[in-house]
Amino acid sequence: MLTEKIALPDSGRAASSGRRLPARLLRGAVRLRRLGTVGLVLYALALGAGLGLATANWATRGRYPFGGVTLNAWTAWPKIGARDADPYVRAIHARTGEVPLALGEGLLLTALTDDSGRRLDPSCRYRIAGATPPSRAWTLTVERRGRARADAATDAAKTEGSKTDGAGDAGAPRTGFTSTEVLRDRDGRFAVTLGPVVQPGNWLPMPAGEGSIRLVLRLYDTPVAASTGVLEREGVPSITREDCP
Amino acid sequence: MTPLGRFILATLCGLVLAGLVHVAAVLAIPYLATGDALSQARATLANDTSVLVHAVETGGKAEGAPAAGWLPRQDPAVAVGVCAYDLDDGPVRITAETGPLLETIALHGRNGAYYAITDQAALRGTVELVIMTKRQYDEALASADEDERNRDMRIVAPSREGFVSIRVLAALPSQQALANEAARSVSCTIDGPDE
């Protein structure tokens, strides 16, 4: 098959059509002819290996590519801890070492945007309010992609501080609320304010560092895990942007 | 064929190859990974109790917290303990004393979680599971004494190796120590012949 390919170009020199092609393409083609079949095969192999591995790496880097159930701003991930988790989820868990919430344990919901679809902005103030789906307990946390570096920095600062003035651990800023500690109104609903400036009520500080903001709602021991239809009926907390500088 | 045509053909071949490589790589990652939870948990195989891998630190520095956790970011209010098992040595018995806190126990095999139970299933404050292979299960059934009722909760594992994860929620920062202790104190022992 390859020998045929070698023999072919001479007959179809493409001189007539070549004039119409852009000069750069033509020059490239001439160079390619010099490269020969071996070069083309090597090119195809390199392209396949490079592109294949790069896309595999990209798809299994950390966030689940698909399998979520979207509800307003939230995405529920009921399949990540199930036996029939898809290969991408398995690959992600293998790479990160994650121990996922199993189907009977709870349900993970994440949000990267507010209810109107805009990405969560670290300089804005958000109100996360409403009711949560039925569960024995839930936790609402905020995390930032580049937190590891920022954490290391604050840890270093902290140890330095304790060395100099002997102050104890002042406590890291709050990163989440549990269903027990959140303050509620008379109807049992809650409103958490996420923002960089101190707020009355349930204030969740915007985490420092760089990278995108992600809200994580974990429902523990919930009947929702079996069917996400319950989620639609009971509703998820709303995320509304209040003001931005 | 023109040189350009050959080039396009080579590119198309490369793209098809890329698709194959992508699928093969994604499928191969779980078998080649060394940082996955099962490999990390295997270090605890010799222990008789679970090992705390993520401590609750909502109420300040936790005592006996793992120095370098291999887990990615977890719920800050949940203590996670793991305990690896290898069914080659016999069925494994998991015993957890439940407390006032929400506690969930999940069993993970090579291909992800296959069973989970919460502390609501506890009998007199204890959750007790026996993990066995299909063969061990059949043996246990065959050698069972008909007059004696067996109260073990038996679970057939899909693979020989796996690990148990224990999550304990500290709903309030003051429950931190209790949660960490609970995640650390689940016993997982090889279930020897009873008699």
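Numbers restart at 1 for each chain; the letters A, B, ... are given by sequence-line order, proteins then strands.
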Is it the backbone or the side chain of [X] that comes under 4.5 Å from a heavy atom of chain B, or both, or neither?
X: A82(A); value: backbone
X: T55(A); value: both
X: A59(A); value: side chain
X: T60(A); value: side chain
X: I92(A); value: neither

Between [Y] and [X], is there a side-chain heavy-atom distance shorter than 4.5 Å?
X: P30(B); Y: H93(A); value: no
X: R90(A); Y: N111(B); value: yes
X: D119(B); Y: R136(A); value: yes
X: P173(B); Y: E181(A); value: yes
X: V99(A); Y: H108(B); value: yes

What is the distance from atom [atom1] of [X] to atom [atom2] of [Y], rounded to the nearest 0.5 Å?
X: Y88(A); Y: I29(B); atom1: OH; atom2: CD1; result: 9.5 Å
X: Y220(A); Y: D75(B); atom1: OH; atom2: CG; result: 3.5 Å
X: D221(A); Y: E103(B); atom1: CG; atom2: CD; result: 11.5 Å
X: L172(B); Y: T180(A); atom1: CG; atom2: OG1; result: 5.5 Å
X: E105(A); Y: I166(B); atom1: CD; atom2: CD1; result: 10.0 Å
X: L101(A); Y: T104(B); atom1: CG; atom2: OG1; result: 7.0 Å

For this session: Describe, in one word, how the ring planes of Y43(A) and F7(B) are oriented to each other, choosing from parallel (under 30°), tilted (30 to 60°) and perpendicular (over 60°).
Result: parallel
Toward chain A, the part of [X] with a non-hydrogen atom under 4.5 Å:
X: V23(B); answer: neither
X: T11(B); answer: both
X: F163(B); answer: side chain
X: A170(B); answer: backbone
X: L15(B); answer: both
X: L102(B); answer: both

Could you tell me which non-hydrogen atom of [X] sits nearest to which non-hydrogen atom of [Y], and how far apart they are?
X: T175(A); Y: P76(B); answer: OG1-CG, 3.3 Å
X: A25(B); Y: L53(A); answer: CB-CD2, 4.2 Å
X: A49(A); Y: V21(B); answer: O-CG1, 4.1 Å
X: A171(B); Y: T178(A); answer: O-OG1, 2.5 Å
X: L51(A); Y: A18(B); answer: CB-CB, 3.7 Å
X: A56(A); Y: H22(B); answer: N-ND1, 3.2 Å

Problem set entry | Step-by-step side chain to side chain contact (heavy atoms under 4.5 Å, CB included) determination, R95(A) to T34(B) | CA-CA 8 Å; R95(A) 282 186 69 179; T34(B) 52; over 6 Å; no
Problem set entry | Most contacts with chain A, counted as non-hydrogen pairs under 4.5 angstrom, among A106(B), G5(B), A77(B) | A106(B)
Exercise. Counting only N and O atoms by type, is there a donor-acceptor contact under 3.5 Å from the side chain of R73(B) to the main-chain atoms of R144(A)?
Worked result: yes
For this session: Report the option among V216(A), L47(A), N57(A), L45(A) that has the most heavy-atom pairs separated by less than 4.5 Å from atoms of chain B.
Result: L47(A)
For this session: Walk me through it: do V78(B) and R218(A) pass the test side chain to side chain contact (heavy atoms under 4.5 Å, CB included)?
Result: CA-CA 11 Å; V78(B) 168; R218(A) 291 178 176 92; over 6 Å; no
Problem set entry | Enclosure of Y31(B) OH (heavy-atom neighbours >12, cutoff 6.0 Å) | no
For this session: Evaluate the criterion side chain to side chain contact (heavy atoms under 4.5 Å, CB included) for residue pair R6(B) and T37(A); output intermediate values, then yes/no.
Result: CA-CA 9 Å; R6(B) 294 175 67 207; T37(A) 312; 2.9 Å; yes
